[in-house]
Amino acid sequence: MSPVPWIFSGSSRFASSDRETKTHPLLPGPPTSSLTDRFGQTQIEKKIYERGSTPAFARIGSMNLTGLIARIPKAELHLHIEGTLEPEMMMQLARRNGIELAYASVEDIRRAYDFTDLQSFLDIYYAGAQVLIREQDFYDLTWAYLERAASDNVRHVEIFFDPQTHTDRGISFSTVIDGICGALQDGETRLGITYRLIMCFLRHLSADAAMQTLEDSLSYRDRIHAVGLDSSELGHPPSKFVQVFDRARSEGYLTVAHAGEEGPPDYIWQALDALKVERIDHGVRCLEDPALVQRLVDKQTPLTVCPLSNVKLRVFDTLEDHNLKRLLDAGICATVNSDDPAYFGGYIGENFLRVQQALDLNADDILSLARNAFAASFLSGRDKRRYTAEIDQAAH
Ligand code: ADE
Ligand code: ZN
């Protein structure tokens, strides 16, 4: 294997035309008045009190919220397996595969994780993924994630993988999927974590390349549940992939898409109307468009929100500015997830804890987030009811 000395040198594998400066910095959210107009105080209060005569937040003191967060069963719905590559494993795999990293230590790698926007992260993330060569590497990566997830009481995962990140550098589709699925299967048997696998298309690449990837995936159709859309959002609207998603649905795949992370609300509309997705990944910019909020509420289309990611990639300046609480109060089916935890400073438990503290979420908020995740998952109705009953038990 030839050395890859440019890893982490800051150079991009994308042509400059694929990069766009962020022209739509996210506002903290609409003024309260616009939310109040649509989802006024009485409606929010009604929602809270409909949950029971003694709301959980009145029964569970803030000291016990940490315990509640630790013990509730969780479903993770927005997790890029390549984004779980911890610097320690990156060093080990580089050594194992004879790849030269431009950084000498784990600390050096961590120091490079100072992102200014999504693209600045993606450049480093794709470079890091190049240490993944053999089936065993994909297995080890996935297994390490599952062990961490188990320690956060994650019971169900729906994970993304990006085949093009690997097939474009000569790694076969089967190497990638055999390694990931081998670990997922062992995770179900040994850790009791159920799973679904979601194949993402890289939106900075062409629709033709996505279509080819879709065709290549058909040999593994039984192992892939859904397709998604990720990578550089600005300048690559969902509409670019309408034919690919039409074909994917005709092959029986469910669909999701990243939209409204950095991109405008219109990209969320396109994902809903043109790609006909079951869920929106991120979607936090929806609050800029009241009609879109109404649509998400009416259809209960879930958002897979990733609080620590949004701060690391400067979608919000601080966690205190995050709009998760406003999404919940608006009646949106929001969930908490970790996105690329090795790069963003925390797995799902840490996301719950940090966002609870930053936004002063109460027990009912935490329980709603946990229930929403199972409701939004691709599990059967029976499994959803089973997990929801476990959450109800954990509340007492
Ligand atoms: N790929 C990995 N993480 C991503 C994110 N947060 N947004 C878009 N593409 C990604
Ligand atoms: Zn993501």
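Heads up: numbering here begins at 1 and tracks the sequence. Below, each value reflects all heavy atoms present in this structure, side chains not excepted, and no hydrogens, waters or symmetry copies. Order of appearance sets the numbers: ligands from 1, and atoms from 1 within every ligand.
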*So Phe374 and Tyr387, would you call those rings parallel, tilted or perpendicular, with 30° and 60° as cut-offs?*
parallel
May I have the step-by-step check of salt bridge (Lys or Arg N to Asp or Glu O under 4.0 Å) for Asp246 and Arg249, ending in yes or no? CA-CA 5 Å; Asp246 281 349; Arg249 278 184 282 99; 2.5 Å; yes
Quick check: do Cys200 and Val227 have side-chain heavy atoms less than 4.5 Å from each other? no
Test item: side-chain donor near acceptor, Thr194 and His156, under 3.5 Å = yes
(Q) Does any N or O of ligand 1 fall below 3.5 Å from an N or O anywhere on Asp339, backbone included? (A) yes
Check your understanding: Using the ring of each side chain (for Trp, its six-membered ring), is Phe121 parallel, tilted or perpendicular to Phe344, with breaks at 30° and 60°?
Key -> tilted
At the Zn ion (ligand 2), NE2 of His80 and NE2 of His258 open up to roughly (10° bins) 100°
Verify the distance criterion only: is there a donor paired with an acceptor across the side chains of Gln185 and Tyr195 at less than 3.5 Å?
yes
Taken to the nearest 0.5 Å, the spacing of Leu303 CG from Cys286 SG works out to 5.0 Å
Judging by distance only, is a nitrogen or oxygen of His78 under 3.5 angstrom from one on ligand 1?
-> no
Shortest non-hydrogen pair, Asn372 vs Ala334, comes out as ND2-O, 2.9 Å
of all protein heavy atoms, closest to atom 7 (N) of ligand 1 is Glu261 OE1, 2.7 Å
Quick check: does Glu261 put an N/O/S atom under 2.8 Å from the Zn ion (ligand 2)? no
Logged contact type for Leu118 with ligand 1, heavy-atom cut-off 4.0 Å, is side chain
Looking only at distances, can you tell me whether any N or O atom of Tyr126, backbone or side chain, sits closer than 3.5 Å to an N or O atom of ligand 1?
no
Which atom of Asp339 is nearest the Zn ion (ligand 2), counting N, O or S only? It is OD1
The N/O/S atom of His78 lying closest to the Zn ion (ligand 2) is NE2
Q) For ligand 1, is His282 a contact, meaning one of its heavy atoms is under 4.0 Å away? A) yes
Residue, atom and distance of the protein heavy atom nearest atom 3 (N) of ligand 1 read Asp340 OD2, 2.6 Å
Open item on the list: Quick check: Ser231 and ligand 1, any N/O pair under 3.5 Å apart?
Closed with: yes
One should read off an interatomic distance between His80 NE2 and Asn337 CG, to the nearest 0.5 angstrom, of 9.5 Å
Note: ligand 1 atoms sitting under 4.0 Å from heavy atoms of His80 are 1 (N), 2 (C), 3 (N), 4 (C), 10 (C)
Out of curiosity, is Phe121 lining ligand 1, as in a heavy atom under 4.0 Å away?
-> yes
